[in-house]
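Residue numbers count from 1 along this sequence. Note that ligands are numbered from 1 as they come in the structure, with each ligand's atoms numbered from 1 the same way.
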Amino acid sequence: MAVPRNRHSTARKNSKRSHHAKKPIQTTKCTNCGAPRKPHMVCPSCGMYRGRVIVKMAESSS
Ligand SMILES: [Zn+2]
C-alpha cells in the first residue's frame, strides 16, 4: 500500500471529510397503505409493490 510522504493539515483533513456526511434516507409513500417506504422496495407494512402482493404479511387483528 502507498504510504503518504507528508502529513496533511487538520484543515485539509477536515475539508476532505466535508463530503462524508450521511444523508437522510429517502422515502416515498406507499400507494396502497400510505406508509413511508424506500423507493424500489417492497412496502414494509403491507408487502405490496407496484400494486401486487409480494410478501404476505402476518395478520395481527384476525
Ligand atoms: Zn404499504
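The closest side-chain heavy-atom distance from Ser45 to Cys30 is not below 4.5 Å. For the pair Cys46 and Met57, the minimum side-chain heavy-atom distance is 4.5 Å or more.
The NE2 atom of His40 sits 8.5 Å away from the OG1 atom of Thr28 when rounded to the nearest 0.5 Å. Separating the OH atom in Tyr49 from the CE atom in Met41 is a distance of 8.5 Å, to the nearest 0.5 Å. For the atom pair CG of Asn32 and CZ of Arg52, the computed distance is 13.5 Å after rounding to the nearest 0.5 Å.
Neighbouring protein atoms of the Zn ion (ligand 1) (N, O or S, distance under 2.8 Å, waters ignored): Cys30 SG, Cys33 SG, Cys43 SG, Cys46 SG.
By the side chain to side chain contact (heavy atoms under 4.5 Å, CB included) test, Lys16 pairs with no residue at all, sequence neighbours left out.
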